[in-house]
Amino acid sequence: MAEQTPKNPEIRDEILDEVREETPDERMMRERLERLDGDEKIPTVVCDGVDIVYRVNGTGAGRGSATAALNRMFRRQQTEKAAGVRKVHAVKKVSFVAYKGEAIGLIGTNGSGKSTLLKAVAGLLPVENGHIYTNGQPSLLGVNAALMNDLTGERNVYLGGLAMGMSREQVKERYQDIVDFSGINEKGDFITLPMRTYSSGMAARLRFSIAAAKDHDVLLIDEALATGDRRFQMRSEERIRELRATAGTVFLVSHNNKSIRDTCERTIWLERGELRLDGPTEDVMKEYEAFTGDKSDKKAGARKAA
Amino acid sequence: MSQVLDTPPPTQAPADDDLAALAARHGLTVSGARPSLSEYIGQLWARRHFITAFATAKLTAQYSEAKLGQIWQVMTPLLNAAVYYFIFGVLLGTSHGVKDYVPFLVTGVFIWTFTQSSIQVGTRAISGNLGLVRALHFPRAALPISFCLQQLQQLLFSMTALVVILLCFGIPVAASWLLAIPALILQFLFNAGMAMIMARMGAKTPDIAQLMPFILRTWMYVSGVMWSIGKLTKKDHLPHIVLVLLENNPAAVYIDLMRYALIDSFHSKQLPPHVWLVAAGWALAVGIGGFIYFWKAEEKYGRG
């Protein structure tokens, strides 16, 4: 964001301020220049004061829930709280701009709203207040929910591909790549067996392979890098780099500080749904590690910096 | 220029107007906004392969753990029919004065089941698949439509069983059997519309799913699944309006159309007047109306 802006405008402004007050013409010129500077970086995702609220039904405590339910049925106009609906304010007034070519890490302790924010950017969760503007349709790297354990791996590849919006021909074209990438068939013909017979590692590998088969403009990755054995993890990271090259902007949610450091130059830190810090990965990480008291990572970070 | 901010929301971001202006200047659009109706239809058409693949996958997954596998697709409706035959045909020996009572009954049960289960799965189409709705981006109407398609496929299996039953009871194969096709298409449109209406209501108020069994059972009893509405019209004790309502009830219309198409002893005299018009009217009104009603809340699906 700001730290990537060239220093020139500031210097120029300082000089202008020092010499004299600017005339209206000069001001117009300066503003136009500034706008041009801004335009050099093309924004792909703009989050503008975003609030996200979940509503959970049936949270009226214990025996009270039956009466709460009756209340809900008969008195529709009353407040949601009285009706036993609890609101969870997951993301609070978050604003940021993501630019083309950036890889942005999202960090924060568990339940701080990272995944929720990602889903809202993907347009999968409605925002309560504020707006999210995007360039095209950002896609979440996640296909798990569309797959069915009772079907064979082969049919799941088709189903997952179609669910992500690929055409039949595209899936057919990439089918062999997906199967090869997943390595499911390395130990025999497993792709024609139902997915419920797979080991958890095998299933995770197949899911990632299906999800990563599509090219995206804005790619949102939620903790997808930690699946499978070491060999598969390396292949996944390779594929993520490829996806980054074709995608305009990549968001990565992870609790693995190393993978954030390796893949992202900019990091956003969310805490209790609020944006704590937004800046270069190393700066944000240092603060975050101090906050979480993660000594080993801090040392590693210090070594890296030195 | 990063800095640790205190708990109050960050101030480093530009004011709201600036961000909106920046987005507008670069032609960014609001994420997850509802597309226009024509765009929506286009998106849905683009996902048609997903809709059919999802329906077929659900259907195949159903019996995948059974040893006999897909044979159950035909066995289940046949066994169902056998139970009805046993109770109404053998035990009670009652036919309510209806000729070919068993084919009459089984046709009614199968056609009613199609509408009933479409509405049931429709009610849970969004609320029962929040994981899918929150994970992937696709026009949400794909879900209720896909579930209805699954029910249609299920019905086609039942129809195979029905043909066996019809032949066993000596019903001749006739050209009128072809009328089953337009009748099924119209019923499918009606069911899909109902499923979309229920999907939106079920997404907002999941409690509806608990009420549906009672509403559906009442609807079944007034739809002439097990008795003939035509017989009632001969009695005078019911006010005329009630008879008109009973006869034009969409479920009854589709059931009677199918009976008329398949059973030779079920005459057109037993059908209400303008029956095809009524069937088409229900299909178009509920199908299109339900689709628009569902689309109106497209951007809201997926919240708690």
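Quick note on labels: first sequence line is chain A, next is B, and so on, each numbered from 1.
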Does A:Met148 reach the side chain of B:Phe54, with side-chain heavy atoms less than 4.5 Å apart? yes
Show the nearest heavy-atom pair for residues B:Ala20 and A:Asp48, with the distance to one decimal. N-OD2, 3.8 Å
Would you indicate whether B:His49, at its atom NE2, is surrounded by more than 12 heavy atoms from other residues, nucleotides or ligands within a distance under 6.0 Å? yes
Distance (rounded to the nearest 0.5 Å) between B:Leu132 CG and A:Leu147 CG: 9.5 Å
Least distance between heavy atoms, A:Asp150 atom then B:Ala61 atom: OD2-O, 3.6 Å
Quick one: closest heavy-atom pair of B:Ala57 and A:Leu151, and the distance? CB-CD1, 3.3 Å
Applying the side-chain contact (heavy atoms from CB on, under 4.5 Å) criterion to B:Leu28, which one of A:Val97, A:Val45, A:Val46, A:Ile42 satisfies it? A:Val46
Bottom line for B:Ala53: the part with an atom under 4.5 Å from chain A's heavy atoms is both
Could you tell me whether a side-chain N or O of B:Arg47 sits under 3.5 Å from a main-chain N or O of A:Ala163, the two making a donor and an acceptor? yes
Side chain / backbone / both / neither for A:Thr44 at chain B, heavy atoms under 4.5 Å: backbone
Counting only non-hydrogen atoms closer than 4.5 Å, does B:Ser146 touch chain A with its backbone (N, CA, C, O), its side chain (CB onward), both, or neither? neither
Let me know if B:Arg48 has heavy atoms under 4.5 Å from chain A in its side chain, its backbone, both or neither. neither
Side-chain heavy atoms of A:Arg155 within contact of B:Thr56, under 4.5 Å: yes
